[in-house]
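First up is the structure itself, then whatever we jot down about it.
First listed ligand is number 1; within each ligand, the first listed atom is number 1. Remember, it's a predicted structure, so these values are computed and weren't measured experimentally.
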Amino acid sequence: MPKTALITGATSGFGEATARKFVENGWKVIVTGRRADRLATLVEALGGPSVAHGASFDIRDEAAMNAALDVLPEAFRGVDLLINNAGLALGTAPAPESRLDDWKTMIDTNVTALVTMTKRMLPTLMERKGAIINISSTAALYPYAGGNVYGASKAFVKHFSYNLRCDVVGSGMRVTSVEPGLCESEFTLVRTGGNQAAYDALYKGAEAIQPEDIAETLFWIAMLPPHVNINAVELMPVSQTWAGFNIHRKPA
Ligand code: NDP
Ligand code: 8X3
């Protein structure tokens, strides 16, 4: 009996690569995102409606989320794995110059929508001894200038994952926080408002982690024996390390 994964944010990047990886390995997937055209193309590429179901909605819209999940085809109702992947960063400006609207959008998407989806799927996942993989970030672990609300939203995701584990103990359900560093995807175009030059400069020569690497990691987590819970995975490209503390000095 094939297992089913619900992957949020599958219209690009990690989510799309992960959908491909799981279907290639015999899973069925529910893929979500706002861009319905991309979902339709992906469902087709994955092998059609017998293996993939596309559900297009804005994840910040709770009613739309519930409506989409209410009408899941029967064959996709037994979700075994939720990958809370949809998310974004907006801007790289320091806090005083950041836009409050951008902060709220990140919190609504990375935090509020993630807990809403989790709450909705929890009964099914607990009953089926399923799993949740939440996509956090190294930005949750190490502060950097301009990371302000994005990093804080991802720190929430990590700690929520840990606390969730405490609450579902005994159910057989597993919870993992995945914390990637520099990865190449549309993430940076979204963050910079479509600035291709900034994208090119960030990734040039860096050999960043690719979405397929994340897909590989998520699949490894999902396929471990059911008594093994990976609490967290932190991963970076070999080219990326820590920059050390910043010290502001008074002029001489
Ligand atoms: P992408 O921009 O390629 O993918 C983001 C996905 O999230 C898209 O499918 C997008 O779908 C979806 N999404 C965003 N906002 C919404 C919304 N309001 N409603 C529904 N779906 C939404 O980025 P990545 O694949 O790189 O990022 C995936 C996750 O990984 C994010 O949570 C990100 O924070 C995290 N991450 C990324 C890193 C990186 O360096 N790239 C590193 C560490 C973590 P659509 O626009 O169609 O709605
Ligand atoms: C994305 C990684 O370093 O751009 O979560 O914040 S970083």
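In this structure, Arg20 does not pair ionically with Glu216, as no charged nitrogen and carboxylate oxygen lie closer than 4.0 Å. Arg120 and Asp70 are joined by a salt bridge, as a carboxylate oxygen and a charged side-chain nitrogen come within less than 4.0 angstrom of each other.
The distance from the CE atom of Met121 to the CE atom of Met126 is 13.5 Å, given to the nearest 0.5 Å. Interatomic distance, OG of Ser50 versus NZ of Lys28, reported as 9.0 Å (0.5 Å rounding).
Atoms of ligand 2 lying under 4.0 Å from any heavy atom of Arg191, numbered from 1 in the order shown and given with element: 4 (O), 6 (O). For ligand 2, the atoms sitting less than 4.0 Å from at least one non-hydrogen atom of Ser137 are 1 (C), 2 (C), 5 (O), numbered in the order shown with element in parentheses. Short contacts between ligand 2 and Tyr150, defined as distances under 4.0 Å to a heavy atom of the residue, involve ligand atoms 1 (C), 5 (O), 6 (O). Proximity to Ala139 (heavy-atom distance under 4.0 Å) selects the following atoms of ligand 2: 6 (O).
A donor atom on one side chain and an acceptor atom on the other are found under 3.5 Å apart for Glu234 and Tyr142. Residues Arg35 and Thr11 have side chains that bring a donor and an acceptor to within less than 3.5 angstrom of each other.
No N or O atom of Thr138 sits closer than 3.5 Å to an N or O atom of ligand 2.
Proximity of the aromatic rings of Phe187 and Tyr199 is defined here by a centroid distance below 6.0 angstrom, and this criterion is not met.
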Between Thr118 and Asn84, is the side chain to side chain donor-acceptor pair (under 3.5 Å) condition met? List the steps. CA-CA 8 Å; Thr118 300; Asn84 276 318; 3.0 Å; yes
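Residues His53 and Pro73 form a side-chain contact, since some pair of their non-hydrogen atoms from C-beta on lies under 4.5 Å apart.
Ordered by chain and residue number, the residues placing a heavy atom less than 4.0 Å from ligand 1 are Gly9, Ala10, Thr11, Ser12, Gly13, Phe14, Gly33, Arg34, Arg35, Phe57, Asp58, Ile59, Arg60, Asn85, Ala86, Gly87, Thr109, Ile135, Ser136, Ser137, Tyr150, Lys154, Pro180, Gly181, Cys183, Ser185, Glu186, Phe187.
The single protein non-hydrogen atom nearest to atom 7 (S) of ligand 2 is Tyr144 OH, 3.6 Å, given as residue, atom name and distance.
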